[in-house]
Number of protein chains: 2
Amino acid sequence: MSVYDDETKFKKAEHDFINEALANVYDNILRIEEKELKKSSFSDITVKEVHLVHAISLHEPKSASQIAKKMHLSRGTLTVNLRNLERKGLIHRTKNSQDQRVTDITLTKRGRVLYRAHNAFHSKMVDRFLAGFNLDELKVVKHALVNLQDFLDELT
Amino acid sequence: MSVYDDETKFKKAEHDFINEALANVYDNILRIEEKELKKSSFSDITVKEVHLVHAISLHEPKSASQIAKKMHLSRGTLTVNLRNLERKGLIHRTKNSQDQRVTDITLTKRGRVLYRAHNAFHSKMVDRFLAGFNLDELKVVKHALVNLQDFLDELT
DNA sequence: CAAAAAAGGTTTGATATTCAAACAAAAATA
DNA sequence: TATTTTTGTTTGAATATCAAACCTTTTTTG
């Protein structure tokens with residue numbers, strides 16, 4: 001049994017491990033986000049709604065169409081979603097003064113609090129993801145994610 | 001401006017990049033899986049159904065309850081899902097001979113073909129994720145994923 | 001061993017989410 | 001000005017989910 005074979009076998013095991021890990025991670029994140037919400041002052045908010053709030057973001061007002069595009073939702077679906085976000089006090093809807101067709105969407109104070117809480121969670125997660133790495137190692141991790149994005153972009 | 005500040009600033013940028021990448025990857029994978037299915041001989045199958053088939057797997061027959069647990073679905077929901085999988089010719093349902101309460105779920109030939117196709121897709125994805133890395137670099141990537149899993153496990 | 005409890009699976013009724021298509025109003029274009 | 005495009009909404013249908021009630025079968029317990 002050569003060193004090459006050992007290395008090959010090792011790589012195969014790592015490959016399987018990483019495959020499994022990638023497949024599991026996202027479901028777990030969603031479940032934990034759901035759980036954390038339930039415990040918080042946002043127990044009336046679903047994970048999907050948090051992701052909508054994330055897409056709206058703190059920055060300039062966005063039109064419904066922009067958000068729909070970003071979230072890959074039909075305009076009809078977004079209308080329903082935005083109505084719910086408004087009902088739950090997360091967003092404001094105002095007519096755009098330049099273009100009367102468009103509705104400007106902005107976060108309310110409550111929406112901004114939720115946005116920041118969600119960001120903090122993700123930030124903590126990335127901290128842990130990268131815990132203990134030096135700059136070179138960090139570049140390796142980044143490179144892997146770039147690889148993945150490239151692969152996905154090719155298939156889009 | 002010290003080296004420390006530069007490094008800190010660099011890390012912050014990488015951190016943001018990685019945060020964004022992690023957030024995007026999963027949605028993209030699902031969309032591409034959907035697209036690839038549409039093009040294939042499995043255009044009648046949804047991504048959710050593929051993931052059910054993955055949970056059933058090629059190995060020993062599984063009970064409906066085992067699958068429901070793995071997929072975090074209620075038993076009622078799973079009954080509906082399995083009925084659809086059966087209708088689409090992906091699974092067999094047989095009474096377990098040891099315990100008449102249990103239904104054994106196994107993949108049909110078509111189900112196995114789908115399982116292998118889905119596995120092949122994921123395998124190719126991991127290949128690309130890890131493309132060009134040596135063993136040490138591979139360990140770094142694995143370490144990052146272990147970090148992430150640990151973080152998620154703590155919150156579960 | 002008989003009665004009670006538990007476990008596996010199904011059905012039912014209610015709620016969520018989504019889409020496509022039809023629609024109205026405003027803006028852009030020809 | 002007349003036509004087309006864009007933006008957002010409404011509507012109707014399809015899908016996915018859950019909890020609770022239910023029936024069998026198995027396990028536990030008195």
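Excluded from the calculations below are hydrogen atoms, water molecules and symmetry mates; all remaining heavy atoms, backbone and side chain alike, are included. The chains referred to below are lettered A, B, ... by the order of the sequence lines, with proteins before strands, and numbering in each begins at 1. The model shown is predicted, which means the values in this text are computed figures rather than measured ones.
- For Thr77(B), the side-chain atoms get nearest to dC18(D) when compared with the rest of dT25(D), dT18(C), dC18(D).
- The nearest whole Å value for the distance from the CG atom in Leu85(A) to the P atom in dT9(D) is 12 Å.
- Residue-level contact check: Ser65(A) touches the backbone only, with heavy atoms under 4.0 Å from sugar-phosphate atoms and none from bases.
- Comparing dA27(C), dT18(C), dG9(C) by their closest approach to the side chain of Asp99(A) singles out dA27(C).
- DNA chain C is contacted by both Arg101(B) and Leu78(A); Arg101(B) maps to the nucleotide lying nearer its 5′ end (nearest heavy atom per residue).
- A salt bridge is defined here as a Lys NZ or Arg NE, NH1 or NH2 lying under 4.0 Å from an Asp or Glu carboxylate O, and Asp44(B) with Arg110(B) meets this definition.
- The distance from atom CD of Gln98(B) to atom P of dT26(D) is 10 Å, rounded to the nearest whole Å.
- Considering only side-chain N and O atoms, Ser74(A) lies nowhere under 4.0 angstrom from the phosphate OP1 or OP2 of dT18(C).
- Its glycosidic angle being more than 90° from 0, dA24(C) falls on the anti side.
- A salt bridge links Lys39(A) to Glu36(A): at least one charged side-chain nitrogen sits closer than 4.0 Å to a carboxylate oxygen.
- In this structure, Arg75(B) atom CZ and dT25(D) atom C1' are separated by 13 Å, rounded to whole Å.
- Considering only side-chain N and O atoms, Asn81(A) lies under 4.0 angstrom from the phosphate OP1 or OP2 of dT18(C).
- Residue contacts for Thr103(A): at a heavy-atom cut-off of 4.0 Å it reaches the sugar-phosphate backbone alone, with no base atom in range.
- Note: CD (Glu49(B)) to C1' (dA16(D)) measures 11 Å, nearest angstrom.
- Of the side-chain N and O atoms in Arg83(B), none sit less than 4.0 angstrom from OP1 or OP2 of dG9(C).
- In this entry the distance linking CZ of Arg87(B) with P of dA16(D) reads 9 Å, nearest Å.
- As judged by a 4.0 angstrom heavy-atom cut-off over every strand, Gln66(A) is placed among residues making no nucleic acid contact.
- For the pair Arg93(A) and dT9(D), the criterion of a side-chain N or O lying under 4.0 Å from OP1 or OP2 is met.
- Side-chain contact between Leu90(A) and Leu114(A) is present, with at least one heavy-atom pair separated by less than 4.5 Å.
- Atom-to-atom, NZ of Lys69(B) to C1' of dA7(C) comes out at 12 Å; the value is rounded to the nearest Å.
- Using the six-membered ring where Trp is involved, His54(B) and Tyr115(B) have ring planes that are parallel, under 30° apart on the 30 and 60° scheme.
- Taking the side chain of Ala64(B) as heavy atoms from C-beta on, and the options dT18(C), dT17(D), dG9(C), the nearest nucleotide is dG9(C).
- The interatomic distance linking Ile67(B) (CD1) with dT17(D) (P) rounds to 14 Å, in whole Å.
- We find that CD1 of Ile105(A) is positioned 7 Å from P of dT9(D), with the value rounded to whole Å.
- For the residue pair Arg87(A) and Asn84(A), a side-chain donor N or O sits within less than 3.5 Å of a side-chain acceptor on the partner.
- Using bins of under 30°, 30° to 60° and over 60° for the plane-to-plane angle, the ring pair His143(B)/Phe133(A) lands in the perpendicular bin.
- Distance from the side chain of Lys48(B) is smallest to dA16(D) among dT10(D), dT18(C), dA16(D).
- Side chain of Thr79(B), nearest nucleotide from dG9(C), dC19(C), dT10(D): dG9(C).
- Under the Watson-Crick or G-U wobble criterion, with both distances below 3.5 Å, dA16(C) has no partner in any strand shown.
- Searching all strands for a Watson-Crick or G-U wobble partner of dT15(D) with both distances below 3.5 Å returns nothing.
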